[in-house]
Structure formats: C-alpha cells, structure tokens
Amino acid sequence: MSSTRSKRYRAASEKVDAKKSYPLAEAVSLLKTLPATKFDQTVTLSFRLGVDPKQSDQMVRGTTPLPHGSGKNVRVLVFAEGQSATAAREAGAEFVGYKDIIEKVVAGFQDFDVAIATPGAMAEVRKLGKVLGPRGLMPNPKTGTVTDDTAKAVKEVKAGRVEFKLDKNGNIAVPVGKFSFAPEALVDNGRTVIEAVVKARPATAKGVFVENVTLSATMSPGLKVDASSFLKF
C-alpha cells in the first residue's frame with residue numbers, strides 16, 4: 001500500500017479482502033463499517049465490461065431511476081420555448097430558455113448537472129456539441145433528455161434518475177447514493193443499476209459481458225462485488 005495514502009484509507013483497506021468477491025448486500029454492509037469522512041461521500045458502482053469501446057455497435061449507455069434517489073441536488077438546464085419552457089420551470093428546472101441560454105453556455109456558463117432540450121430546440125443546441133459533449137451534457141433522445149415532455153424529464157432527473165455511458169477504456173461508473181443512506185437503500189439502488197447495465201448489453205457483444213463490478217465510496221478502497229446472480233449467460 002502506498003505510503004501516500006491517509007491513515008484513514010489504510011485502516012479501511014485492512015478491513016477489505018482484496019481477493020474476495022462480496023455479495024452486494026455484504027459489500028454494502030462492509031462499506032458502511034469503513035471509517036467515515038467529514039463529508040457525505042458518494043457511493044459508486046464501477047463496471048469493467050467485455051466490449052470494444054472503439055466499436056460503435058458495442059456502445060453501452062442508458063438511464064435508470066434510483067428507487068431511493070441519488071442524494072444529490074441536481075441542477076437542471078432546459079432549452080425550450082413556450083409551454084415546454086413554462087412546464088420545465090414549474091417542474092423545478094433551475095435554468096430555462098432558448099437562444100439566451102445557448103449564448104450563456106457559449107460564454108462559459110457551466111453551473112448545471114443535466115441539460116434537457118425539446119426536439120425543436122435541438123437544431124441550435126447541436127451547435128453546442130464541442131461545449132457540452134466533453135462534459136457528457138449533450139441532450140440525447142436515448143437518455144430521455146430530448147423530449148417535448150420537459151416537466152416529466154425534469155421531475156425524473158430531480159428524483160434521482162442516473163445516466164451511464166461506456167468510457168473509452170470499456171468502463172462504466174454509476175453513483176448509487178450517499179454514504180449516509182441506509183444499507184437497504186444502497187442495496188436497492190445498486191441492484192437497480194446492475195440490472196440496468198446488464199439489460200443494456202449490445203446484441204453484438206460476445207463472451208463475458210460484465211467482467212467485474214466494484215463498490216466504493218469517494219474516499220474508500222473498492223470492494224469487488226459478486227454480480228453472478230444478476231447475469232444471464
């Protein structure tokens with residue numbers, strides 16, 4: 001173990017068997033016994049998938065609502081006009097507009113976590129690809145963020161819907177809640193995320209799809225999760 005790790009991290013690592021794959025509920029229970037930090041850590045499930053991220057037909061992405069929410073205050077920006085804009089505001093979106101908001105984003109505005117757009121607004125919003133794309137914020141029909149039903153989209157995001165997308169190394173990381181959540185809530189959220197990722201398996205994927213799953217908090221070591229009960233071979 002690197003000497004640069006904190007005393008708290010080293011103490012946590014001593015409680016984790018790096019060679020063992022824990023059932024999800026057991027992994028969550030053990031994680032909750034690890035030394036806490038002064039802030040409420042985000043708990044994340046990380047997946048190593050057996051797909052080729054360079055192949056467009058093997059892309060893995062999707063969304064899923066978390067039964068117990070994410071514990072995060074999600075700031076939502078909506079590109080819309082007229083009734084769709086009004087509905088988005090009433091649903092709780094922090095920032096709503098069209099060309100005025102586009103100009104604001106072009107100028108460097110980034111204080112939001114999710115961007116939603118109506119289909120009619122996408123002609124202009126697509127021009128923000130170089131700005132929103134690198135941050136994973138470009139609205140996309142596949143993730144439910146391009147829709148005329150802006151109120152529904154805003155409410156789902158606010159309630160704890162999470163997005164996942166394969167990165168260039170073939171990995172996916174999905175938040176499943178906060179360290180302060182009850183163990184049962186983290187297990188329920190975790191189960192939902194694992195099932196959603198497994199369901200998103202591309203038809204072209206061959207062999208083992210989920211190679212490994214790891215549960216961790218922001219400042220904790222990872223715990224290997226035995227996901228065999230969720231997998232269909």
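Computed over heavy atoms, backbone and side chain alike; hydrogens, waters and symmetry mates excluded.
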Kindly give the heavy-atom pair with the smallest separation between [X] and [Y], and that separation in Å.
| X | Y | result |
| --- | --- | --- |
| Leu34 | Ala12 | CD2-O, 3.7 Å |
| Ala27 | Val225 | CB-CG2, 4.2 Å |
| Ala217 | Leu31 | N-CD1, 3.9 Å |
| Thr145 | Met138 | OG1-O, 4.5 Å |
| Leu186 | Gly177 | CD2-CA, 4.1 Å |
| Ala88 | Val96 | CB-CG2, 4.1 Å |

Answer whether the closest heavy-atom distance between the side chains of [X] and [Y] falls below 4.5 Å.
| X | Y | answer |
| --- | --- | --- |
| Leu49 | Glu211 | no |
| Thr204 | Gln55 | no |
| Val28 | Glu184 | no |
| Val131 | Val106 | no |
| Leu128 | Phe79 | yes |
| Ser46 | Asn171 | no |
| Val210 | Phe230 | no |
| Ser13 | Pro221 | yes |

Would you check if the side chain of [X] reaches a backbone N or O of [Y] as a donor-acceptor pair within less than 3.5 Å?
| X | Y | value |
| --- | --- | --- |
| Asp40 | Ser180 | yes |
| Arg191 | Leu24 | no |
| Glu81 | Tyr98 | no |
| Glu156 | Arg161 | no |
| Asn189 | Val187 | no |
| Thr214 | Gly222 | no |
| Asp226 | Ser228 | yes |
| Lys32 | Phe181 | yes |
| Thr192 | Asp188 | yes |
| Thr150 | Ser84 | yes |

Working to the nearest 0.5 Å, report the span between [atom1] of [X] and [atom2] of [Y].
| X | Y | atom1 | atom2 | result |
| --- | --- | --- | --- | --- |
| Asp52 | Met59 | CG | CE | 10.0 Å |
| Glu94 | Arg89 | CD | CZ | 12.5 Å |
| Ser229 | Glu195 | OG | CD | 8.5 Å |

Determine, for Tyr22 and Lys224, whether the Lys NZ or Arg CZ falls below 6.0 Å from the six-membered ring centre while staying within 45 degrees of the axis.
no
Before you tell me yes or no, could you show the steps for Gln58 and Lys206 under side chain to side chain contact (heavy atoms under 4.5 Å, CB included), namely the whole-Å CA-CA distance, both residues' side-chain angles and the distance that decides it to 0.1 Å?
CA-CA 10 Å; Gln58 293 192 33; Lys206 306 298 181 183; over 6 Å; no
Return yes when atom NZ of Lys155 has more than 12 non-hydrogen atoms of other residues, nucleotides or ligands closer than 6.0 Å, and no otherwise.
no
Looking at Met219, I'd like to know if its CE atom is crowded, meaning that more than 12 non-hydrogen atoms belonging to other residues, nucleotides or ligands lie closer than 6.0 Å.
no
Could you walk me through whether Thr218 and Thr37 pass the side chain to side chain contact (heavy atoms under 4.5 Å, CB included) check?
CA-CA 9 Å; Thr218 307; Thr37 59; over 6 Å; no
Tell me whether [Y] is reachable from [X] by hopping between hydrophobic residues (I, L, V, M, F, W, Y) whose side-chain heavy atoms are closer than 4.5 Å.
| X | Y | value |
| --- | --- | --- |
| Ile102 | Ile116 | no |
| Ile172 | Leu137 | no |
| Phe209 | Leu45 | yes |
| Phe179 | Leu223 | yes |
| Leu66 | Val114 | no |

For the residue pair Asp149 / Thr147, report whether a side-chain donor-acceptor contact shorter than 3.5 Å exists.
no
Let me see the working for Val193 and Phe47 under side chain to side chain contact (heavy atoms under 4.5 Å, CB included), right down to the final yes or no.
CA-CA 10 Å; Val193 166; Phe47 300 76; 4.0 Å; yes
List the steps, then state whether ring pair (Phe, Tyr, Trp, His ring centres under 6.0 Å) holds for Phe95 with Phe109.
CA-CA 11 Å; Phe95 311 102; Phe109 177 67; 4.9 Å; yes
Stepwise, does the side chain to side chain contact (heavy atoms under 4.5 Å, CB included) test hold for Asp113 with Lys72?
CA-CA 10 Å; Asp113 305 297; Lys72 179 180 180 181; 3.8 Å; yes
Decide, yes or no, whether a salt bridge links Glu163 with Lys142 under the criterion of side-chain N to carboxylate O below 4.0 Å.
no
